[in-house]
Amino acid sequence: MPPCAETSAAASLSRHRDFRRYLTGQAASVAGSSITQMALPVLAVLHLDATAARVAWLAFLGQLPPALLALHAGALADRHSKRRQMITGDLVSAAVLATVPVSAALGTLTLTQLMIIAVVQGAASVVHDAAAISLLPSLVDRSLIQRSNSRVGALLAVAATVGSHLGAALTALLGPARALLGDVTSYLISAVCTARIRTAEPARARPESRRLRAEIGEGLRYVRGDDRLWTLTLVNATTSLALGLLNTLWALYLLRALMMSATVFGVVLGLGALGAAAGALTAPALARRYGPGPMMLVALAITPLTQLPLLLASPGRAWQITIGAALFVQLAGAGAAGTTQRSISWGTSVLSHHSSLGPVKGVRVALC
């Protein structure tokens, strides 16, 4: 894109009031989620003295709703109001998270409660994210999709960085349970911003009376017939499985085996989120220069290399810096690849919309 065109596109997005509301709400939600991602492991490992098995169950239950519900949530986003679906997800997440500081104050907080919250919040987040991914292309012109996608990815990664550092500060000042009030507030801000979006949503591509399973099946068949979408699906499935296995005990390993403090743990997570921001910002330029395929292949190739410090690390400041730097590189690659993947899948969904194949938009949620 020529420089003058890029400037014009940036100006168009900055003047788009509903896009700004969308961006503000999503940034607040991501910042709050980063607070929880930082504070919840500290609460489980250091304050509730969770065993390795229980931490693994907590991580597993948090990942279960996305694995089971992503396709259904995407199909629901095509059937019903996306804004209503986003607001519902935000309010449910805020409500269940608010029970943690209340229970902690009463002395009744248990790991079982955290596991139930992980499942409920995971399901609510899938509902919200499915609708949010589907809503963005209707807010901006098709020519601005790649730039808006890059801007969303970069801002959300910056918000995650801020949230991680804020989570560390709140945990140090208030304790991990009350730090979660920051995430509760972020969900409420997100709900208010979403409610203020005024752009009309596109007409539903399928009647609500049609069976949800049939609609999901149609979308899956479309994805299976498109080499690009099918490849992205397989890549994301295998990568998510591998990282899910790694992340199950990641926090426990850092906090207990490597004896990181809650503050250092938050800073390490913040470095990773900063890497994701750098990757999302540079994704369009990298894709134009090297092509989206080679760029995503390099991002995948460096991921296992960034895990080597975890195999060699021991307690100490030098290894803390090394792990933070490795996480920065890993998430920079993930941010660049994820931004490019969303641009590809959104572009395909625009074409499928004009071809009356709306269900592929629901399947697209599983890719992102």
Side-chain angles (χ1 to χ4, degrees), residues 29-30 32-45 48 50-77 89-90 92-93 96-97 100 110-133 156-157 160 163-164 167 176 180 183 187 216 232-255 265 268-269 272-273 276 300 303-304 306-307 310 327 330-331 333-335 337-338 341-342 362-368:
S29 180
V30 168
S33 296
S34 294
I35 295 175
T36 296
Q37 290 169 6
M38 186 270 144
L40 200 61
V42 173
L43 182 62
V45 174
L48 296 180
T51 63
R54 292 193 171 189
V55 171
W57 272 108
L58 182 62
F60 170 76
L61 291 173
Q63 295 298 319
L64 193 59
L68 297 179
L69 302 178
L71 292 175
H72 296 79
L76 288 174
D90 282 333
V92 170
S93 293
V96 296
L97 273 180
V100 175
T110 64
L111 274 169
T112 300
Q113 180 180 345
L114 292 185
M115 290 179 185
I116 295 172
I117 290 172
V119 173
V120 175
Q121 188 191 6
S125 296
V126 170
V127 169
H128 172 278
D129 294 346
I133 291 170
L156 296 192
S164 296
L180 296 180
D183 197 6
Y187 280 119
I216 293 173
L232 291 179
T233 300
L234 294 178
V235 167
N236 282 338
T238 53
T239 303
S240 296
L241 175 62
L243 292 179
L245 293 173
L246 173 69
N247 293 338
T248 299
L249 297 176
W250 192 72
L252 180 68
Y253 178 65
L254 296 185
L255 291 169
F265 182 64
V268 168
L269 293 182
L300 287 172
T303 297
T306 60
Q307 309 307 314
L310 293 177
L327 189 61
Q330 177 190 335
L331 293 187
Q341 287 177 4
R342 283 191 293 272
V363 179
R364 187 188 67 247
V365 175
L367 305 180
C368 303

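Note that the structure is predicted; figures quoted are calculated from it, not measured.
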Could you tell me which non-hydrogen atom of A39 sits nearest to which non-hydrogen atom of L180, and how far apart they are?
CB-CD2, 4.0 Å
Which atoms form the tightest heavy-atom contact between M115 and R54, and what is the distance?
CE-O, 3.6 Å
How many angstroms lie between atom CG of D90 and atom OG of S29, to the nearest 0.5 angstrom?
5.5 Å
Does some side-chain heavy atom of L252 sit less than 4.5 Å from a side-chain heavy atom of P41?
no
For residues 113-124, the side-chain hydrogen bond (donor to acceptor under 3.5 Å, both in side chains) pairs (sequence neighbours left out) are T99-Q113, S103-Q113, Q121-Y187
Are L254 and L310 packed together at the side-chain level, in the sense that at least one heavy-atom pair is separated by less than 4.5 angstrom?
yes
Could you give the distance from CG (L68) to CD (Q63), rounded to the nearest 0.5 Å?
11.5 Å
Looking only at heavy atoms, what is the nearest atom pair of T306 and T303, with distance?
OG1-O, 2.6 Å
What closest approach, in Å, do A50 and L111 show between heavy atoms, and which atom pair accounts for it?
CB-CD1, 3.5 Å
Looking only at non-hydrogen atoms, find the nearest pair between D183 and S33 and report the distance.
OD1-N, 3.3 Å
Show your working on side chain to side chain contact (heavy atoms under 4.5 Å, CB included) between V45 and V55 and close with a plain yes or no.
CA-CA 8 Å; V45 174; V55 171; 4.0 Å; yes
When you compare the side chain of L114 with that of L40, does any pair of heavy atoms fall below 4.5 Å?
yes
Any side-chain heavy-atom pair of S93 and S125 under 4.5 Å:
yes
State, to 0.1 Å, how close I117 and V96 come at their nearest heavy-atom pair, and which atoms those are.
CD1-O, 3.6 Å
